[in-house]
Amino acid sequence: MSEFDIINRYFNTQSTHRSDVLTGIGDDAAIVKPLAGHELVITTDTLVSGIHFPAATAPFDIGFKSLAVNLSDLAAMGAKPAWVTMALTLPEENTDFIQAFCNGFFTLAKRYAVELIGGDLTHGPLSITIQAMGFTLPHQAILRSGAKPHDLIYVTGTLGDAGLALKHIQHHLALKPEYQQQVLEKLNRPEPRIAIGECLSSLASAAIDISDGIAADLGHILEASGVGATVNVLQLPLSQALTNTLTAEKAIALALTAGDDYELCFTIPAQKREELEKKLASLSCRFTCIGEITEKPGLQLYNNGSKYHGPIHGYQHF
Ligand code: ADP
Ligand code: MG
């Protein structure tokens, strides 16, 4: 099959057709019409086989996750996703792989009415680069730099489950069968917190998505905002799967340091707490206050009254 046949057969068959896409897949470049009076928010992320996902990951999950991590970045900005492009490097022409990959990718794209408007297809070691674009109202995007002393720090969902799944896959531990599906899903098919991000755009002072562990990612908010934080590690939201598989100490260490959670960490002024709880109540996603922003720089971790001395370093590529 030629490159163009593959594109037409697998990538140009999506069911999402947005009215703001004037020219999609097929020309030298795409043409879109951004909504008047809005700001455009753009992000890109690459997933390399063996680095960002185990080489044996199911192709459906690779397609799903490569879009999910990009939509998660838009969620962290409070943006509504609209369009994506994809640069795909494939080691071989394996149509079963491509079909399953597209099924995963378009399952998520459809959920958020995102249209794939173009891309590139090359031959080489498996890697997927997605660029995602979305909107916010003017000056409504949530930056990392807006956290202020006394703001409350929240996280969505539970932390450490994707890290737990990875340890299971790598045979560093054995998950009980009743937890396997739920935990592996957190690693392979993370749900981007789009609806929460949109809700937060008028409330949060800062936000980030948790890709490298909460300690590292909250650290980015602190640095960008020129503030510090105190966090009680006993308040970190942990799943039963995590607490019933690991000792309390190891569960906390994993929740702080493991990557790939794709939950949101955000800060809000304390007086907006009630409004936040009201707004998020309808969204069926857990959210938990884990600490407070401080004037004093640095991240202070407490285990109830005493200082926490466990590991805090997240994943780093270099
Ligand atoms: P060009 O040679 O002009 O770069 P390509 O041959 O790379 O064009 O691609 C032809 C068309 O198919 C373009 O519209 C491009 O955006 C689209 N396309 C290529 N690869 C992908 C992909 N993986 N996903 C979506 N669209 C793609
Ligand atoms: Mg090209």
Side-chain angles (χ1 to χ4, degrees), residues 1-35 38 40-75 77 79-135 188-192 194 209 211 260 262:
M1 216 183 284
S2 80
E3 185 187 327
F4 302 104
D5 290 336
I6 293 176
I7 292 164
N8 278 326
R9 182 133 173 212
Y10 298 101
F11 293 91
N12 205 4
T13 55
Q14 57 196 320
S15 53
T16 307
H17 289 289
R18 297 176 56 97
S19 57
D20 53 13
V21 176
L22 307 182
T23 299
I25 291 173
D27 215 311
D28 291 313
I31 308 172
V32 294
K33 198 172 170 62
L35 205 58
H38 286 63
L40 191 54
V41 182
I42 305 172
T43 183
T44 189
D45 251 327
T46 294
L47 269 66
V48 177
S49 177
I51 306 279
H52 298 94
F53 55 86
T57 302
F60 183 102
D61 294 340
I62 299 172
F64 189 103
K65 188 167 180 173
S66 57
L67 180 56
V69 303
N70 280 278
L71 297 188
S72 176
D73 279 325
L74 291 184
M77 301 297 288
K80 191 182 198 65
W83 316 298
V84 289
T85 61
M86 177 199 307
L88 180 61
T89 305
L90 289 174
E92 55 184 342
E93 186 209 311
N94 175 343
T95 52
D96 289 343
F97 178 95
I98 298 172
Q99 182 64 67
F101 173 90
C102 284
N103 288 346
F105 183 90
F106 289 124
T107 293
L108 188 61
K110 195 172 166 193
R111 196 174 295 168
Y112 293 102
V114 165
E115 184 167 341
L116 178 68
I117 56 171
D120 196 23
L121 191 59
T122 53
H123 181 241
L126 179 60
S127 114
I128 308 104
T129 298
I130 307 283
Q131 181 179 52
M133 291 151 272
F135 303 108
N188 291 322
R189 298 182 198 176
E191 190 66 43
I194 295 292
D209 68 325
S211 52
D260 268 0
Y262 299 104

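Ligands are counted one by one from 1 in listed order, and the atoms in each one are counted from 1 as well. Keep in mind it's a predicted model, so treat the numbers as computed, not measured. Values below: all heavy atoms of this structure, side chains included; hydrogens, waters and symmetry mates excluded. The chain is numbered in sequence order, starting from 1.
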For ligand 1, note which part of Asp27 has a heavy atom under 4.0 Å away: side chain, backbone, both or neither. backbone

Rounded at 0.5 Å granularity, tell me how far OH in Tyr112 sits from CG in Leu67. 10.0 Å

Does Leu116, backbone or side chain, put an N or O under 3.5 Å from an N or O of ligand 1? no

Any N/O of Ile117 closer than 3.5 Å to an N/O of ligand 1? no

Proximal ligand 1 atoms for Met86, defined as those under 4.0 Å from one of its heavy atoms: 22 (C), 23 (N)

State the atoms of ligand 1, each with its element, that fall below the 4.0 Å cut-off from a heavy-atom position in Leu121. 20 (N)

Please could you name the atoms of ligand 1 that Asp28 approaches to less than 4.0 Å, counting only its heavy atoms? 3 (O)

Within 4.0 Å of some non-hydrogen atom of Phe4, the atoms of ligand 1 are 6 (O)

Quick one: CD1 on Ile128 to CZ on Phe105, what's the gap to the nearest 0.5 Å? 10.0 Å

Going through the checks in order, is the side-chain contact (heavy atoms from CB on, under 4.5 Å) test met by Asp20 and Leu35? CA-CA 8 Å; Asp20 53 13; Leu35 205 58; over 6 Å; no

For Gly119, does its backbone N or O pair with a side-chain atom of Thr85 as donor and acceptor, under 3.5 Å? no

Using a 4.0 Å cut-off to any heavy atom of Glu3, which atoms of ligand 1 qualify? 6 (O)

Would you mind running through ligand 1 and noting each atom that sits below 4.0 Å from a heavy atom of Ile7? 12 (O), 18 (N), 19 (C), 20 (N)

Nearest-0.5 Å distance, CZ of residue Phe64 to CG of residue Leu108: 4.5 Å

Applying salt bridge (Lys or Arg N to Asp or Glu O under 4.0 Å) as the test, list every pair that has at least one member in residues 97-114; sequence neighbours left out. Arg111-Glu191

Does only the side chain of Asp120 get under 4.0 Å from ligand 1, or the backbone, or both, or neither? Count heavy atoms. both

Atom pair CD/CG of Glu3 and Asp120 - distance to nearest 0.5 Å: 7.0 Å

